[in-house]
2 protein chains.
Amino acid sequence: MLKEERQQRILGEVELHNRILLTDMAEILDVSIDTVRRDVKELDAANKLQKVHGGAISMGFTTYSARNNNIYALEQKTIIAEKAVTLLKQGGVIFIDGGTTCMELARLIPDDLELTCFTLSLPVAMQLLTKPNVTVIFVGGQISKEAQISIGANAIHHLSEIRVDYSFIGTGYVDALFGLTEFDWDIVQVKKAVIKASKKTVLLSISEKLNSQHRYKTCDISAINTMITELDPDNNLLNLFRNYDIRLL
Amino acid sequence: MLKEERQQRILGEVELHNRILLTDMAEILDVSIDTVRRDVKELDAANKLQKVHGGAISMGFTTYSARNNNIYALEQKTIIAEKAVTLLKQGGVIFIDGGTTCMELARLIPDDLELTCFTLSLPVAMQLLTKPNVTVIFVGGQISKEAQISIGANAIHHLSEIRVDYSFIGTGYVDALFGLTEFDWDIVQVKKAVIKASKKTVLLSISEKLNSQHRYKTCDISAINTMITELDPDNNLLNLFRNYDIRLL
DNA sequence: ATATATTTTGCTGTATTATGCATTTTATTT
DNA sequence: AAATAAAATGCATAATACAGCAAAATATAT
């Protein structure tokens, strides 16, 4: 048996039972306790579990499962998501877009908040399933391999049949003058449909994307009700956006 | 034997069993262990697999590890999935159900196979996204927290609008006399809709589920065209099913 | 076709890694 | 404090990795 394989099984047991004893694992895996000890030590060093006297305990559920730890600018995106969470209301009906920033928002939804969430994004939907009081409704359609979201006529048609209080969307590029733009035409089409299906639209974007543009246009800045960046709302970088009827957060 | 061919076989073994030992591969391929080692080294450099001491593990193994360890009767399910893969035809339009057995099927779809796959299952959809030549279409709806699949009127309605060549479904319980049954009423409703949307229905079930039943009925055995278990088709345990016009695999 | 590079492969000896055992040190319990 | 359990340490053994080399296979040039 390969070392990695063994360590995976140890991890699996830990995830399953929340705790293990080294002696048990040694017997299950049919290796010496020293080997198990060394494995657990490595896994602990890799933050996959927590080593304790005589065994190991799970780190908790969310740590390793769906969340990649190589998200670009995660710090900023977490700040944005935290601000976005404050807009959520008990019993609300919202839409959450795909992308890593929206993923953070989905992750940070409090356990006690009751919501109905629509989404086009497979990862976001998976994340939302961990929230006990969130009803998840996936807007079906053909799935884009890169973006992992529903695209195409079908998805757009389904969106035309719903109307949510708030939609939280990301964008590839945003500019005060040119509005929201994308690299991908299909994505633009569904984003348009999302905005149309929302009473209010909230844009989540890291400041790095400000004043950038691309080929296809999703909407004007004026179509956005609230824009959230990781910056302080008074920051000068946001000045260009103050000409519009848009709330900065 | 060509180097390329050999590397493909190594990769195939890794995909299938999640791990290989260099010594095993050397024997299987009838080359020296050094050659295998060098091949694996190249494949590792190309990010096709992960080389470890004594062998190699598949890329998905570590990252998406929730799958591997906690799946009950994985070996049997892999056998079933391998049989199911043989039914797939280039350019086919199929439906893949949720559940761990169907997940295995999704995982084992060859990279070069062109398919259009419908599914209700979020994990299956995620898995299918890794297949370069598979078009994934997700049938939207409210997502069941436990089963992680679309349920409800919406999903059923969408299913009524499609017709696939083959559907591959799992079931909670199966009995020659009572047919396919489930614990959950909502699940039964979508399963019915799936069967109605398929020209041919293939049931994937480990033999352990044979001759078991529960509260709600999905369909009679006669509604199934092919049943795949991990057993040999001639196995006596399948005798009761021979009274029906059903292909055993 | 022949001769010449280039690549691939297997073999050798040496370095590295993994594992289990014995012993000492440290932590936990009574 | 004594008894016990677990962890750390050092070491021996076996398996594996690696570098270098030569033979074989393949490709390329003349």
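Nothing here was measured: the structure is a model prediction, and the numbers come from that model. Letters go in sequence order (proteins before strands), and every chain restarts at 1.
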Minimum-distance nucleotide to B:Ser32 side chain [options: C:dC21, C:dC11, D:dA8]
C:dC11
Considering heavy-atom distances to DNA chain C, does B:Asp39 or A:Val36 have its closest nucleotide positioned more toward the 5' end?
B:Asp39
Counting side-chain heavy atoms from CB outward, which of D:dA8, D:dC18, C:dT9 is closest to A:Arg37?
D:dA8
Can you check the A:Glu5 CD to C:dT19 P distance for me, whole Å?
11 Å
Candidates C:dT9, D:dG10, C:dC11 - which lies nearest the side chain of A:Arg38:
D:dG10
Proximal nucleotide (of C:dG10, C:dT9, D:dT16) relative to the B:His53 side chain
D:dT16
Kindly assign one of parallel, tilted or perpendicular to the pair A:Tyr173 and A:His214, based on the angle between their ring planes and the thresholds 30° and 60°.
tilted
Is any side-chain heavy atom of A:Leu113 less than 4.5 Å from a side-chain heavy atom of A:Val85?
no
Atom CG of A:Asp34 and atom P of D:dG10: how far apart are they, to the nearest Å?
14 Å
Just call it for A:Val52: base, sugar-phosphate, or nothing, with non-hydrogen atoms closer than 4.0 Å on any strand.
sugar-phosphate
Closer than 4.0 Å, any side-chain N/O of A:Lys3 to the OP1 or OP2 of D:dA15?
no
Measure the distance from CD on A:Glu4 to P on C:dA18 and round it to the nearest whole Å.
8 Å
Approximate separation, where rounding is to 0.5 Å, of B:Ile169 CD1 and B:Ile96 CD1
12.5 Å
From C:dG10, D:dA8, D:dG10, nucleotide with atom closest to B:Thr35 side chain:
C:dG10
Between C:dT9, D:dA8, C:dT19, which one does the side chain of A:Lys41 approach most closely?
D:dA8
How would you label the contact of A:Leu22 with the nucleic acid (heavy atoms, under 4.0 Å): base, sugar-phosphate, or nothing?
sugar-phosphate
Any side-chain heavy-atom pair of A:Asp111 and A:Lys131 under 4.5 Å:
yes
